[in-house]
Amino acid sequence: MAGNIYPTICPGCNFGCGLYIRENEGLDVEFRKSSPANAGKLCRFGMKLLELYRSASSMVGGKETSLEDAAKEAAKRLSGGSAALVSFGNTTCEEHLAFRDLAEKLGAPFYTGVDLEDFPEDTRPTLKVGIPYNEIEKAKHIVLFIDPYIQYPLIVRRLVSAKNNGARITSIGWKKLPLADEDLSPGDVSKLELSKDSIVIADLHPLSDIEYVKNLLGLAKKAGARITFLKPFANSTGAGILSEGQSTGKLVEEIEKGSIKTLFCLESDITEVIPEDTLSKLENLIVQTGRESATTGKADIVIAHEPLYRKKGELVNNEGRVQALGGEGTGGLEALGIIAGSKFEFDALQEKVKKAIGIETIDEFTIPDHERPDYAAPEGKPAVPEEKTALVSMFNPFMWYGLPDDNNFVELNLKMVRSLKLIKGGTIKIKSNGSAIDMRFRVAPVQDNILISEKRVPFVKGIVTPVEVSR
Amino acid sequence: MEKGDMLVGWSTNEEVRKRGGSGGLVTSILAAALEKGLVDAVVVLKKINEFEAVPVITSDVEEVLNSAGSMHSVPSNFAKLVADKKIKVAVPGKGCDVRAIIEQGKRNAVDLDNTFIIGLNCGGSMHPSVTREMLKTVYNIEPEDVEGEEIEKGKLIFKTKDGKEHAITIDELEEKGYGRRESCRYCSIKVPNNADLACGNWGVTGDLVGKATFVEVNSDKGVKLLQNALDAGMIEVKEPDDKGIAIRGKIKGSMEGLAGKWKDKVFVPVDNRLEYFRKELENCIDCGACKTVCPTCSCGPVSKCNEYHERSDAYKMSMYHLVRFLHLADSCIGCGQCTDVCPSDIPLTRLYRRFANPIQEELKYTPGMDIRKPPYFETKLEEL
């Protein structure tokens, strides 16, 4: 009668939210109130987490097979050369490490989505590990380069707490935020008054504009402010500590050039970040995963094992907090061992993880000391958005990928609604580069000539897309 | 034995009696119910550490005997766990668990005839994250050094591995913003007489202090539960002394009085109600956790609060919240679960109670205390 209950971490982003998954006839999400990162609280995505956990089956060429046979076939195809491996950090530290070792053994390039070599060396520790959330609660001034409500919702309560403690909150964005004492548009960053008492909160992910991130690092450094980067994958921070990988941009380039013909993805939905045309140039797409996704649907080989909540291993969150998952599954390591031709031992990998992080025991309630050395202010040269009507994509780029959500609308201000003579309950037509879409709209305190979307609109490529709008 | 009886009892299993804080009576009643086939399953807390436990439904007598008992830092609610299970089950629970189970029963999600409820006296529970912080900042002890806690004479006492006891009055802790959850402070159900049995250590006197449980029999099902455990030889009972009964009544009265004071303190009238509610809800991220966790809600995902609400709406206050305020006006039991899980730390229970308090007082209806239907359900059209 007793159901199996797994204490686990939400894979929606790198915030590190603890929860339980209860397995009975189906799955249930339950609140783990003792979890240090989130006190059991979950965002909209966390509440819909079960939609993510659709189990996958091992397949070769569309035919169901065993994990062992799929892994053997993957090994065969990977040995053919022109292969690359991708792991964004959606899995345990141990699996990520084994995967990196496999890449080394195969002599294949390793991609993690973000290439820290694009940034000056002295800034990398700051980019890798963020500031503990309780320090954000104690800050006197907080500057947001994210929309906390949409992108990393569990930061909201930390900001509320900071405000209750007397903090002033400045938001840099296109929309007034209820939490903010001051709202500045991205074009007015020069008016931003930072000091050593400020904490800047931004994010870093495979679609981030490197020059923009450099600019933020420079801005914080010049004022003596602290800066923290929130990240999108369950173990982005762990992956950053354990490996150096190359960027998604570089991966796309190499596939386009034809130097990569076989791509092996570990728990990474590359269809989120790689254009379909580029993917179609691959000869082999191999996916190792614990859940069905858009990427498994396109894969030539699927190596399927237990989902994240049943895995054994650790994740490192934005703060650098090491948290153990509550499962016992090591199917992922088993598959990687078959491909590598030699078994990966969990305990040995875990010791390597602990050594790399600098800890002796895994204690979710103690954040290890992570170095955040001083760095020289880099100068970024981000492209300045053109001054015209634009659609701003304001989403966590990965959290909702491929999952249904009640977000099929854009936000715009009342002045714009009136000038376009939009009808309440109706739609707005949005055009860009020959593509068009009708979307519902919501009146919100957004800047003039700006539309904000939480949904990934098909024709959008970056954060800001020039558009034409009409009724 | 009959309804209305008061007894003092304990487990006959020495190990259970020793381990249980109050003589292991409740654990043994649950185990006996399972062993003798009175129920198919029971709900117990599976302890993970001093501040964490998960409720499980089990049919394993050994699991019941090894369960955690009640834990002040585990503010769970069992009602949804037993809803829609279609089994004969025994559930131990605080006043809010009992109230929620009864409300689920009114909504046909729990078969109350097949649900045996053992109520546990409760002065309030604490959020585990707050407890951890409190231990570090107020008690100056590391949470990992704690190996037990109890509440005695208005003090919250933590026992550490070095054998020491650390006691601070709950009043002092609450002045500092720690201690019990806000909803527990003003909760007036300290002895759950709405359950089949009401159990606790208040009223246990003399040599039995800490070694026995005072139990009040509130229903025929309560008689069955107790008699079953006695017949199985798993518990022993005796009549309480008059002093014990008087002490229990005094503690109950004093706790209820304190709850009333807290109620007045928390629910200070607000002038501009619309602006107050709008401001409190402005950080809502539409996660729906407050509905999912609500132990009296049995609507499921297709419900008015969800169906009338779209995120593209731009109302000053979302239809989701408006519907829930109305819906809960006659069914909110003030358990605090919604506040516990809100990712934006919105004090939702306080907001729901601001609607529910005047309505429940006006209608003389306290949800979860008996099987009277919620007023909005029992009103007939011809009566309007």
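Remember, predicted model here, so these are calculated numbers, not experimental data. Below, chains carry the letters A, B, ... as their sequence lines are ordered, and counting in each starts from 1.
Using a 4.5 Å cut-off between heavy atoms, Arg32(A) contacts chain B through its side chain alone, with no backbone atom that close. Residue Glu454(A) touches chain B through its side chain alone, counting heavy-atom pairs closer than 4.5 Å. With a 4.5 angstrom heavy-atom cutoff, Ile48(B) touches chain A only via side-chain atoms. Using a 4.5 Å cut-off between heavy atoms, Pro55(B) contacts chain A through both its backbone and its side chain. No part of Phe45(A) comes within reach of chain B, as not one of its non-hydrogen atoms sits under 4.5 angstrom from that chain. No part of Pro143(B) comes within reach of chain A, as not one of its non-hydrogen atoms sits under 4.5 angstrom from that chain. For a residue to count as touching a neighbouring chain, one of its non-hydrogen atoms must lie under 4.5 Å from one of that chain's; by this rule Lys424(A) touches chain B with the side chain only. Residue contact with chain B, scored on non-hydrogen atoms closer than 4.5 Å, involves the backbone and the side chain of Tyr149(A) alike. Neither the backbone nor the side chain of Ser161(A) has a heavy atom closer than 4.5 Å to any heavy atom of chain B. Within the 4.5 angstrom heavy-atom criterion, atoms from both the backbone and the side chain of Asn407(A) approach chain B.
Donor-acceptor pairing under 3.5 Å is lacking for the side chains of Ser393(A) and Arg456(A).
At most 12 non-hydrogen atoms from other residues, nucleotides or ligands lie less than 6.0 angstrom from OH of Tyr308(B).
Arg278(B) and Glu275(B) are joined by a salt bridge, as a carboxylate oxygen and a charged side-chain nitrogen come within less than 4.0 angstrom of each other. Here Arg132(B) does not pair with Glu364(A) in a salt bridge; the nearest charged N to carboxylate O distance is not below 4.0 Å. Classification of Asp181(A) and Lys163(A) as a salt-bridged pair holds, one side-chain N sitting under 4.0 Å from a carboxylate O. A salt bridge is defined here as a Lys NZ or Arg NE, NH1 or NH2 lying under 4.0 Å from an Asp or Glu carboxylate O, and Lys279(B) with Glu282(B) meets this definition. A salt bridge links Asp345(B) with Arg157(A): the closest approach of a Lys/Arg side-chain nitrogen to an acidic carboxylate oxygen falls below 4.0 angstrom.
Contact detail for Ala90(B) and Val39(B): the closest heavy-atom pair is N-CG1, 3.8 Å.
Between the side chain of Lys136(B) and the main chain of Ile141(B), no donor-acceptor pair closer than 3.5 Å is present.
In terms of heavy-atom pairs under 4.5 angstrom with chain B, the leader among Val29(A), Asp28(A), Leu179(A) is Leu179(A). Your options are Asp60(B), Val293(B), Ile346(B), and the one with the most heavy-atom pairs under 4.5 Å with chain A is Val293(B). Ranked by heavy-atom pairs under 4.5 Å with chain B, the first of Ala39(A), Gly46(A), Ala444(A), Pro153(A) is Ala39(A). Most heavy-atom pairs under 4.5 Å with chain A: of the set Ser76(B), Pro343(B), Gly288(B), this distinction falls to Pro343(B).
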